[in-house]
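Here is the naming used below: chain letters follow the sequence lines, and residue numbers restart at 1 for every chain.
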There are 2 protein chains.
Amino acid sequence: MADVFKALADETRRRILDALAVRDGQTLFEICSHLIARHGINSSRQAISQHLAVLESAGLVTVEWQGRSKLHYVNRAPLEDITQRWLHPGKDPA
Amino acid sequence: MADVFKALADETRRRILDALAVRDGQTLFEICSHLIARHGINSSRQAISQHLAVLESAGLVTVEWQGRSKLHYVNRAPLEDITQRWLHPGKDPA
DNA sequence: GCATTATGCAAGTATCTGCTTGCGTGTCAA
DNA sequence: TTGACACGCAAGCAGATACTTGCATAATGC
């Protein structure tokens, strides 16, 4: 839960999720190209790779290796958990 | 939007929202007491005050002065905006 | 008025975070 | 097998962030 909020706190990482929402299953290079082309983000490959690692450890992105390429997919389940806890609280959070 | 995620990225600030969810309209001192009693958070008054300022500028908390006391109220509207954008995207976010 | 209470402001510090740089590993194709 | 490609790992650095400390401001009660 904490990891999800921290992952979403960064603008570049939110853009990455946007990119994957447009087309799921992109590789690292494809995501980099997408960010440069559509969002004016000009970070290095390594920077984006580290962002993807954060998103993955937060459960917001799942990966699938295919040869030497790593495909990234969005996972919205953690976001739904957030709404369950913060917008439709069924039980006392304290 | 960015401010909301950054505000929620901190554990103590999420606890503050929890405290206000239990009882809305608390003062700074009441929130401090609540955090110490129920969450084992032992930050100073100033630290909590700064967290409240972050929550307020993110629109997650609204305030109302009553004499020399400042009452804090939760505002869930920004959270609903988040779910609208990330879980029920009506339009292309790119 | 004077002390107390509730809070804000501002500077300093230590830790965290995002980014870069350089190198290493595994995969594919010729 | 050799070179190119896609990616990971690790160290170092600059800026951001959370916290503390000290002082200031405004309202309440005697």
Legend entry - Residues B:K6, A:E11: salt bridge by 4.0 Å N-O rule: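 No.
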Inset, instruction - With axes from five pairs an end, tell me the bend angle of the helix from C:dG1-D:dC30 to C:dA30-D:dT1, nearest 10°. - result: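 That helix has its two terminal axes inclined by roughly 30°.
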Return the value, rounded to whole Å, for the distance between atom [atom1] of [X] and atom [atom2] of [N].
X	N	atom1	atom2	value
B:L71	C:dT5	CG	P	19 Å
A:K70	C:dT25	NZ	C1'	14 Å
A:L8	C:dT17	CG	P	15 Å
B:W65	C:dT5	CH2	C1'	12 Å
A:L55	C:dT17	CG	P	14 Å

Inset, instruction - Report the residue (B:V54 or B:R45) whose heavy-atom-nearest nucleotide on DNA chain D is the more 5′ of the two. - result: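 Result: B:V54.
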Inset, instruction - Tell whether A:Q50 reaches the base of C:dT17 with its side chain through a donor-acceptor pair below 3.5 angstrom. - result: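 Such a pair does not exist between side chain and base.
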Using atom types as modelled and distance alone, determine if a side-chain donor or acceptor of [X] lies under 3.5 Å from a backbone N or O of [Y].
X	Y	answer
B:D81	B:M1	no
B:D24	B:V74	yes
B:N75	B:T62	no
B:S33	B:F29	yes

Legend entry - Matching residue for A:L55 among A:H72, A:R13, A:Q50 - test: side chain to side chain contact (heavy atoms under 4.5 Å, CB included):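 Running side chain to side chain contact (heavy atoms under 4.5 Å, CB included) over A:H72, A:R13, A:Q50 with A:L55 returns exactly one hit, A:R13.
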With a 4.0 Å cutoff (strictly under), does any side-chain N or O of [X] reach OP1 or OP2 of [N]?
X	N	result
B:S69	C:dA6	no
B:R68	C:dT4	no
B:S49	C:dG8	yes

Inset, instruction - Could you tell me from which nucleotide to which nucleotide of DNA chain D, 5' to 3', there is an atom under 4.0 Å from chain A heavy atoms? - result: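 Under 4.0 Å from chain A, the extent on DNA chain D is D:dA4 to D:dA10.
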